[in-house]
Amino acid sequence: MKTYPLSQSQLGVFLEMIQHPQMTQYNLGYMTSLPKSIDLDRFEQALRTIYANCPAFRIRFLTEDDELRQTVDETRELPIFRLTLSESECEEYLQTALRPFDPFNDVLCRFHLIETPDRIVFLVDFSHLIADGTSVALLFGKVYLPLAYAGKSLPKPSYSLLSWAEDEESTFHTAAYEKDREYFRQHYQGCEALSLSESVSDPLGKYIRYDGHLPMAEVAEWCRRYDTAPNLLLMAAFAYTLSVVGRESSSVFTTTSHGRIQRRLREAFGMFVRTVPVRALVNPDTKVTDFVKSFRTELMGTIRHGSYPFSHFCRDLQMKPGISFNFYSGGITEEIKLGEESYPCCRLDSNTTCSDLTFTVVERDGQYDLRAESSDRLYSPGFLRTMVQTVKTVAQDMMLHPQSPLSSLSLVTKAEQAELIRLQSGQLW
């Protein structure tokens, strides 16, 4: 039985799962309501076909000579749970459907087919160790499932997650790797990772979230006019808000990319997400459009120097930024397709998490869904609400005053700043 190393992204997730085995932060759970006309036997067979044909679904983890490794296990069957429930029973079931994965002993994906009097509820739950948002939203929901349900052959990708883990490991300590490491060492010299919470030493708690919305068309038009992109505008608004709340002129947070820059990764199912650090320097005299565009340069630097993993960055620079900003676009929509019909998915919230402040932007129904998420041990619901509202108003103010200096942004008043600081410190919990 051939074994493989873990990718650095997998390793980071794995270590957090082992540290907090009761955590569901790395469950990728989605719920979809389907019509009663769906053939459940045929649907179940489609899931088993996908499982049999996609090696990443059958990955398990093991230790070999005291080293953490992964392999494809052909001996374990796919867990599919078929239930008949009332609507109220179904809603109650969904509240606790996400359960932690044991990476050594569990199949790392689970499917639920729940029949109610009015609908079929399909629940998918992947461990982030074997899948990412691109894999679930694009490959599973829009390619594998419709093909398998129609009885058609699945595509056979020429490259896999396991091959990627081997290839990534082979780049360590090459000349390109050393060059990239030096770039990050110099770029982040003197920087410190920022957290807005005073409880980072004990982060595990209940998952909390607050959502706000911003019209996509409004943002798209402004970005076309000023030759930039929505992810840069919203990242800039987030970075500026972070600077005001943290009372620091510079901050370091993280963002994630789909990690599929190489063509051979674009149709591979697996966990290819790359976490990268982002340095934000807030100079009051910088023009808004220049500040927004500075993040393009920052992100391009992480691509040009991509052979240096985030885990090595944290180890070598003794810095692990916990706050993150994520922007999902380019077809990463929450839906599945069967035949000619598309059915929207609803992301199931984690039950337990150790996550610091995470700000996520998702396209949904012509709006940008602005989500602030965290552990309730770190922040209050009121703090998340105020963060979302502030980032939204900062983005709108940036669009209203593109040629003005950052110092002119007035939507974060001293009173709002004081409220955020009180909420951050727990005084209004």
Between [X] and [Y], is the gap from one ring center to the other below 6.0 Å?
X	Y	value
F122	Y343	no
F310	F184	no
Y308	Y183	no

**OP:** For T358 and T360, run side chain to side chain contact (heavy atoms under 4.5 Å, CB included): C-alpha distance rounded to whole Å, both residues' side-chain angles, the deciding distance at 0.1 Å, then the answer.
**Re:** CA-CA 6 Å; T358 301; T360 302; 3.6 Å; yes
Any idea how [X] and [Y] line up, ring-wise: parallel (<30°), tilted (30 to 60°), or perpendicular (>60°)?
X	Y	answer
F325	F238	tilted
Y188	F313	perpendicular
F57	Y144	tilted

Subject >> R263: partners by side chain to side chain contact (heavy atoms under 4.5 Å, CB included), with sequence neighbours left out >> reply: R266
Original post:
Taking only residues two or more places apart in sequence or in another chain, which ones pass side chain to side chain contact (heavy atoms under 4.5 Å, CB included) with K287?
Top reply: T289, D290, Q403
Could you tell me whether a side-chain N or O of [X] sits under 3.5 Å from a main-chain N or O of [Y], the two making a donor and an acceptor?
X	Y	result
T96	L94	no
S380	F383	yes
D106	L108	no
N326	T256	yes
R279	H187	yes
E373	L357	no
R260	L265	yes
S243	A239	no

Just wondering, are more than 12 heavy atoms of other shown residues or ligands nearer than 6.0 Å to [atom1] in [X]?
X	atom1	value
D365	CG	no
K293	NZ	yes
E92	CD	no

**OP:** Could you check R347 against D369 for salt bridge (charged side-chain N to carboxylate O under 4.0 Å, His left out), going step by step and ending with a plain yes or no?
**Re:** CA-CA 12 Å; R347 176 76 185 266; D369 183 357; over 6 Å; no
Original post:
Does the side chain to side chain contact (heavy atoms under 4.5 Å, CB included) test come out yes or no for F269 and L161, once each step is laid out?
Top reply: CA-CA 7 Å; F269 188 99; L161 172 60; over 6 Å; no
Check whether any side-chain heavy atom of [X] sits under 4.5 Å from a side-chain heavy atom of [Y], and report yes or no.
X	Y	answer
F61	Q10	yes
N231	Y368	no
E168	S9	no
F14	I18	yes
L47	L145	yes
C345	I336	yes
P55	L162	no
T255	L299	yes

**OP:** Answer yes or no for R110 and F101: cation-pi contact, defined as NZ/CZ to six-membered ring centre under 6.0 Å and angle to ring axis within 45°.
**Re:** yes
**OP:** Please assess M387 against V245 for the test side chain to side chain contact (heavy atoms under 4.5 Å, CB included), listing each intermediate value before the final yes or no.
**Re:** CA-CA 9 Å; M387 278 294 293; V245 178; 4.1 Å; yes
Original post:
Should D202 and R377 be marked as a salt bridge (charged side-chain N to carboxylate O under 4.0 Å, His left out) after you check the CA-CA gap, both sets of side-chain angles, and the distance that decides it?
Top reply: CA-CA 7 Å; D202 186 21; R377 297 295 294 271; 2.2 Å; yes
Sequence neighbours left out, cut at 3.5 Å: what donor-acceptor pairs do the side chains of residues 21-28 make with other protein atoms?
from: T24; atom 1: OG1; to: N351; atom 2: N; distance (Å): 2.8
from: T24; atom 1: OG1; to: T352; atom 2: N; distance (Å): 3.2
from: Q25; atom 1: OE1; to: T353; atom 2: OG1; distance (Å): 2.7
from: Q25; atom 1: OE1; to: C354; atom 2: N; distance (Å): 2.9
from: Q25; atom 1: OE1; to: S355; atom 2: N; distance (Å): 3.2
from: Y26; atom 1: OH; to: E16; atom 2: OE2; distance (Å): 2.9
from: N27; atom 1: ND2; to: R99; atom 2: O; distance (Å): 2.9
from: N27; atom 1: ND2; to: D125; atom 2: OD1; distance (Å): 3.3
from: N27; atom 1: ND2; to: D125; atom 2: OD2; distance (Å): 3.1

Which atom pair, heavy atoms only, marks the closest approach of [X] to [Y]?
X	Y	value
P230	F327	CB-CZ, 4.0 Å
A131	V136	CB-CG2, 4.1 Å
G141	P146	O-CD, 3.7 Å
V13	M271	CG2-CE, 3.9 Å

Distance (rounded to the nearest 0.5 Å) between [X] [atom1] and [Y] [atom2]:
X	Y	atom1	atom2	value
L83	E89	CG	CD	10.0 Å
R58	Y51	CZ	OH	7.0 Å
F291	M398	CZ	CE	5.5 Å

Original post:
Does the pair D167 and R264 meet the rule for a salt bridge (charged side-chain N to carboxylate O under 4.0 Å, His left out), with working shown?
Top reply: CA-CA 12 Å; D167 290 346; R264 61 184 177 176; 3.6 Å; yes
**OP:** Determine, for D211 against R364, whether the closest basic-nitrogen to carboxylate-oxygen distance falls under 4.0 angstrom.
**Re:** no
Original post:
Side chains of S195 and S197: is there a donor and an acceptor less than 3.5 Å apart?
Top reply: no
Original post:
Among side-chain atoms of Y240 and D397, is any donor-acceptor pair under 3.5 angstrom?
Top reply: no
**OP:** If a pair satisfies salt bridge (charged side-chain N to carboxylate O under 4.0 Å, His left out) and one of its residues is in residues 111-123, list it, with sequence neighbours excluded.
**Re:** K36-E115, E87-R119, E91-R119
**OP:** Name all pairs fulfilling the ring-ring contact (aromatic ring centres under 6.0 Å, His included) condition that reach into residues 202-223, sequence neighbours left out, sorted by first residue then second.
**Re:** W222-Y226
**OP:** Go through the steps to decide whether E182 and R185 satisfy the test salt bridge (charged side-chain N to carboxylate O under 4.0 Å, His left out), and finish with yes or no.
**Re:** CA-CA 5 Å; E182 181 61 17; R185 187 190 69 80; 2.6 Å; yes
**OP:** For T134 and F272, run side chain to side chain contact (heavy atoms under 4.5 Å, CB included): C-alpha distance rounded to whole Å, both residues' side-chain angles, the deciding distance at 0.1 Å, then the answer.
**Re:** CA-CA 9 Å; T134 300; F272 299 103; over 6 Å; no
Subject >> With sequence neighbours excluded, residues passing ring-ring contact (aromatic ring centres under 6.0 Å, His included) with F140 >> reply: F111, F126
